[in-house]
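Numbering of residues begins at 1 and proceeds along the displayed sequence.
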Amino acid sequence: QVQLVESGGGLVQGGGSLRLSCVASGNISEYAMSWYRQAPGKQRDLVALQTHTGFTNYPNSVKGRFTISRDNTKDTLYLQMNSLKPEDTAVYYCNAFRNTGGKSYNYWGRGTQVTVSS
(Lines give C-alpha, C1' and ligand atoms only; values in the text may rest on other atoms or scores of the structure.)
Protein backbone atom coordinates (compact mmCIF):
# COMPACT_ATOMS: atom_id res chain seq x y z
CA GLN A 1 0.00 0.00 0.00
CA VAL A 2 1.31 3.42 -1.03
CA GLN A 3 -0.16 6.55 0.49
CA LEU A 4 0.12 9.85 -1.39
CA VAL A 5 -0.23 13.32 0.12
CA GLU A 6 -0.40 16.44 -2.07
CA SER A 7 0.46 19.96 -0.98
CA GLY A 8 1.22 23.37 -2.47
CA GLY A 9 -2.19 24.37 -3.78
CA GLY A 10 -3.75 27.75 -3.14
CA LEU A 11 -5.08 30.95 -4.66
CA VAL A 12 -2.98 32.69 -7.30
CA GLN A 13 -3.52 35.42 -9.89
CA GLY A 14 -3.54 34.67 -13.60
CA GLY A 15 0.02 34.59 -14.92
CA GLY A 16 1.39 33.44 -11.58
CA SER A 17 3.11 30.21 -10.57
CA LEU A 18 2.65 27.37 -8.10
CA ARG A 19 4.66 24.27 -7.28
CA LEU A 20 2.75 21.20 -6.14
CA SER A 21 4.34 18.37 -4.18
CA CYS A 22 3.25 14.76 -3.64
CA VAL A 23 4.97 12.80 -0.88
CA ALA A 24 4.67 9.00 -1.00
CA SER A 25 4.87 6.64 1.97
CA GLY A 26 6.78 4.05 -0.09
CA ASN A 27 9.37 3.75 -2.84
CA ILE A 28 8.09 5.22 -6.13
CA SER A 29 11.09 4.46 -8.33
CA GLU A 30 9.26 1.65 -10.19
CA TYR A 31 5.97 3.53 -10.59
CA ALA A 32 4.61 5.66 -13.35
CA MET A 33 3.66 8.91 -11.63
CA SER A 34 1.02 11.35 -12.85
CA TRP A 35 -0.87 14.50 -12.00
CA TYR A 36 -4.59 14.73 -12.77
CA ARG A 37 -7.09 17.53 -12.24
CA GLN A 38 -10.84 17.70 -11.86
CA ALA A 39 -13.13 20.73 -11.94
CA PRO A 40 -16.66 20.58 -10.46
CA GLY A 41 -19.05 18.59 -12.68
CA LYS A 42 -16.27 17.44 -15.01
CA GLN A 43 -14.25 14.26 -15.41
CA ARG A 44 -10.75 13.82 -14.08
CA ASP A 45 -8.18 14.66 -16.78
CA LEU A 46 -4.49 13.86 -17.10
CA VAL A 47 -2.23 16.88 -16.64
CA ALA A 48 1.24 15.32 -16.71
CA LEU A 49 2.77 11.83 -16.80
CA GLN A 50 6.23 10.53 -16.03
CA THR A 51 7.13 6.85 -16.45
CA HIS A 52 9.62 5.15 -14.16
CA THR A 53 12.22 5.53 -16.94
CA GLY A 54 11.74 9.30 -17.09
CA PHE A 55 9.55 9.67 -20.18
CA THR A 56 7.11 12.58 -19.83
CA ASN A 57 3.87 13.47 -21.55
CA TYR A 58 1.59 16.53 -21.39
CA PRO A 59 -1.72 17.47 -23.01
CA ASN A 60 -1.68 20.51 -25.27
CA SER A 61 -3.61 22.54 -22.69
CA VAL A 62 -0.59 22.66 -20.34
CA LYS A 63 2.37 21.89 -22.61
CA GLY A 64 5.09 24.49 -22.23
CA ARG A 65 3.65 25.78 -18.94
CA PHE A 66 3.73 22.74 -16.61
CA THR A 67 6.68 20.50 -15.76
CA ILE A 68 6.53 17.18 -13.93
CA SER A 69 9.56 15.87 -12.05
CA ARG A 70 10.46 13.53 -9.21
CA ASP A 71 13.07 12.92 -6.57
CA ASN A 72 13.21 9.17 -6.01
CA THR A 73 15.53 9.54 -3.02
CA LYS A 74 12.78 11.52 -1.26
CA ASP A 75 9.84 9.56 -2.76
CA THR A 76 8.39 12.88 -3.88
CA LEU A 77 6.70 14.02 -7.09
CA TYR A 78 6.48 17.66 -8.19
CA LEU A 79 4.44 19.73 -10.61
CA GLN A 80 5.79 23.17 -11.50
CA MET A 81 2.98 25.32 -12.93
CA ASN A 82 3.81 28.61 -14.66
CA SER A 83 1.71 31.16 -16.56
CA LEU A 84 -1.43 29.95 -14.81
CA LYS A 85 -4.84 30.65 -16.32
CA PRO A 86 -8.33 30.69 -14.75
CA GLU A 87 -9.17 27.49 -16.66
CA ASP A 88 -6.44 25.73 -14.66
CA THR A 89 -8.68 26.00 -11.57
CA ALA A 90 -9.35 22.49 -10.26
CA VAL A 91 -8.51 19.95 -7.60
CA TYR A 92 -5.14 18.41 -8.50
CA TYR A 93 -4.50 14.75 -7.70
CA CYS A 94 -1.32 12.70 -7.53
CA ASN A 95 -1.36 9.15 -8.95
CA ALA A 96 1.02 6.18 -8.81
CA PHE A 97 0.57 3.22 -11.17
CA ARG A 98 2.41 -0.06 -11.71
CA ASN A 99 1.85 -3.45 -13.37
CA THR A 100 3.96 -6.18 -11.79
CA GLY A 101 3.67 -9.96 -11.48
CA GLY A 102 0.18 -10.11 -12.98
CA LYS A 103 -1.13 -7.48 -10.58
CA SER A 104 -2.04 -3.85 -11.05
CA TYR A 105 -1.34 -1.21 -8.42
CA ASN A 106 -3.11 2.14 -8.60
CA TYR A 107 -2.99 4.75 -5.84
CA TRP A 108 -4.48 8.24 -5.48
CA GLY A 109 -3.94 11.14 -3.16
CA ARG A 110 -6.80 13.17 -1.72
CA GLY A 111 -6.06 16.20 -3.87
CA THR A 112 -5.11 19.84 -3.39
CA GLN A 113 -7.16 22.82 -4.55
CA VAL A 114 -5.71 25.25 -7.10
CA THR A 115 -7.67 28.43 -7.80
CA VAL A 116 -6.53 30.94 -10.42
CA SER A 117 -8.24 34.33 -10.36
CA SER A 118 -8.96 36.47 -13.42
* Honestly curious: do Y78 and L18 fall in one hydrophobic cluster under the side-chain, below-4.5 Å linking rule? -> no

* Please name the pair of heavy atoms, one in S29 and one in N27, separated by the smallest distance, quoted to 0.1 Å. => OG-OD1, 2.6 Å

* After noting the C-alpha distance and the side-chain angles of Y92 and Q38, does the key distance pass the side chain to side chain contact (heavy atoms under 4.5 Å, CB included) rule? -> CA-CA 7 Å; Y92 284 70; Q38 187 170 26; over 6 Å; no

* Asked: Does the side chain of Y58 come within less than 4.5 Å of L49's, by heavy atoms?
  -> no

* Treat each ILVMFWY residue as a node, draw an edge where side-chain heavy atoms are under 4.5 Å apart, and state whether V91 and W35 are in one component. => no

* Asked: Do other residues, nucleotides or ligands put more than 12 heavy atoms under 6.0 Å from Q13 CD?
  -> no

* Nearest 0.5 Å, what's the OG1-CE distance between T56 and M33? -> 14.5 Å

* To do: Please confirm whether the backbone N or O of D71 pairs with a side-chain atom of T73, one donor and one acceptor, at under 3.5 Å?
  => no

* Is atom NZ of K103 surrounded by more than 12 heavy atoms (other residues, nucleotides or ligands) closer than 6.0 Å? -> no

* Does a donor on one side chain sit under 3.5 Å from an acceptor on the other, for R98 and Y105? -> no

* **Residue pair Q80 / S17, side-chain heavy-atom distance below 4.5 Å** => yes

Return all side-chain donor-acceptor pairs below 3.5 angstrom for residues 5-12, not counting sequence neighbours, or 'none' if the list is empty.
{"unit_1": "E6", "atom_1": "OE1", "unit_2": "R110", "atom_2": "N", "d": "3.1"}
{"unit_1": "E6", "atom_1": "OE1", "unit_2": "G111", "atom_2": "N", "d": "2.9"}
{"unit_1": "E6", "atom_1": "OE2", "unit_2": "C94", "atom_2": "N", "d": "2.8"}
{"unit_1": "E6", "atom_1": "OE2", "unit_2": "G111", "atom_2": "N", "d": "3.3"}

* **N-O pairing of R70 and D75 below 4.0 Å** => no

* Begin from the C-alpha positions of T89 and Q113 and carry the test side chain to side chain contact (heavy atoms under 4.5 Å, CB included) through to its verdict. => CA-CA 8 Å; T89 296; Q113 177 71 48; 4.1 Å; yes

* Checking R37 against Y93: charged group under 6.0 Å from the ring centre and within 45 degrees of the axis? -> no

* Between Y31 (side chain) and Y107 (backbone), is there a donor-acceptor pair under 3.5 Å? -> no

* Residue that, paired with L77, satisfies side chain to side chain contact (heavy atoms under 4.5 Å, CB included) out of I68, L20, L4, N95 -> I68

* Decide yes or no on side chain to side chain contact (heavy atoms under 4.5 Å, CB included) for M81 and V114, but give the supporting numbers first. => CA-CA 10 Å; M81 304 186 294; V114 172; 4.0 Å; yes

* Which heavy-atom pair separates G26 from V2 by the least distance, and what is that distance? -> N-CG1, 4.4 Å

* Asked: Is a donor on one side and an acceptor on the other found under 3.5 Å between the side chain of S25 and the backbone of Q3?
  -> yes

* To do: Using atom types as modelled and distance alone, determine if a side-chain donor or acceptor of S83 lies under 3.5 Å from a backbone N or O of R65.
  => no

* Asked: Does a side-chain heavy-atom distance below 4.5 Å link S104 with F97?
  -> yes

* Close side-chain approach of L79 and T67, heavy atoms under 4.5 Å -> no

* Centres of the Y36 and W108 rings: under 6.0 Å? -> yes

